Amino acid sequence: MNCNVKDSLKRQICAEIAETLDEQRIVWELLTIVVLHDEFGLGQERLERYGRAMQKMYNEFTNESRLTDNPHRRGEKKMSNIDTAVIRILRALKSNKIDYHPILDIVDMKIDGVSMDDMLEKMEGT
């Protein structure tokens, strides 16, 4: 039996990271459900509707992020599929005139030190 210990350890570490991320996602979803109920009065039926819509959006994002491992070029920087999926989400928010900055209480969304706001402005020529 031929076993590569290094590869086995990498797979184990990746599995642990994935499990941790899943747990964190569930905690954020639970917090969101509490806020939607307490602050906005959503009941069981509407919260289930929210859950289905969120799962659909998450699946679309995950599928888009997994299309390929090849980075995309945007100017001098290489962009991963996760980066381009985030940009798509930010563009959708912007097209609906939703400013994510005050909602998330952040100044700017950056990926690898690159401002997503600046990148969107360059892409859209604004």
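In this text, all values refer to a predicted model and were calculated from it rather than measured experimentally.
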Walk me through it: do Asn63 and Glu60 pass the test side-chain contact (heavy atoms from CB on, under 4.5 Å)?
-> CA-CA 5 Å; Asn63 289 338; Glu60 288 173 6; 5.9 Å; no
With a 3.5 Å cut-off and sequence neighbours excluded, list the donor-acceptor pairs that the side chains of residues 101-111 form with protein atoms.
unit_1	atom_1	unit_2	atom_2	d
His101	ND1	Asp99	OD1	2.4
His101	NE2	Val107	O	3.3
His101	NE2	Asp117	OD2	2.7
Asp108	OD1	Ser115	OG	3.3
Asp108	OD2	Ser115	OG	2.4

Less than 3.5 Å apart, which donor and acceptor atoms pair up between the side chains of residues 26-45 and the rest of the protein, not counting sequence neighbours?
unit_1	atom_1	unit_2	atom_2	d
Glu29	OE2	Arg25	NE	3.1
Glu29	OE2	Arg25	NH2	3.1
Thr32	OG1	Trp28	O	2.8
His37	ND1	Leu42	O	2.9
Gln44	NE2	Glu48	OE2	2.7

Pairwise distance CE(Met54) to OH(Tyr58) - rounded to 0.5 angstrom | 11.0 Å
Tyr100 with Phe61, same ILVMFWY side-chain cluster at under 4.5 Å = yes
Does Arg88 have any side chain to side chain contact (heavy atoms under 4.5 Å, CB included) partners at least two apart in sequence or in another chain, and if so, which?
-> Glu64
By side chain to side chain contact (heavy atoms under 4.5 Å, CB included), Glu19 pairs with (sequence neighbours left out) Glu23
Side chain to side chain contact (heavy atoms under 4.5 Å, CB included) with Ile13: which residues, sequence neighbours excluded?
-> Ile17
Separation between OG1 of Thr62 and CD of Gln55, rounded to the nearest 0.5 Å = 8.0 Å
To the nearest 0.5 angstrom, please state how far the CZ atom of Arg52 sits from the CG atom of Leu47.
-> 10.5 Å
Quick one: list whatever passes side chain to side chain donor-acceptor pair (under 3.5 Å) with Asp22, sequence neighbours left out.
-> none
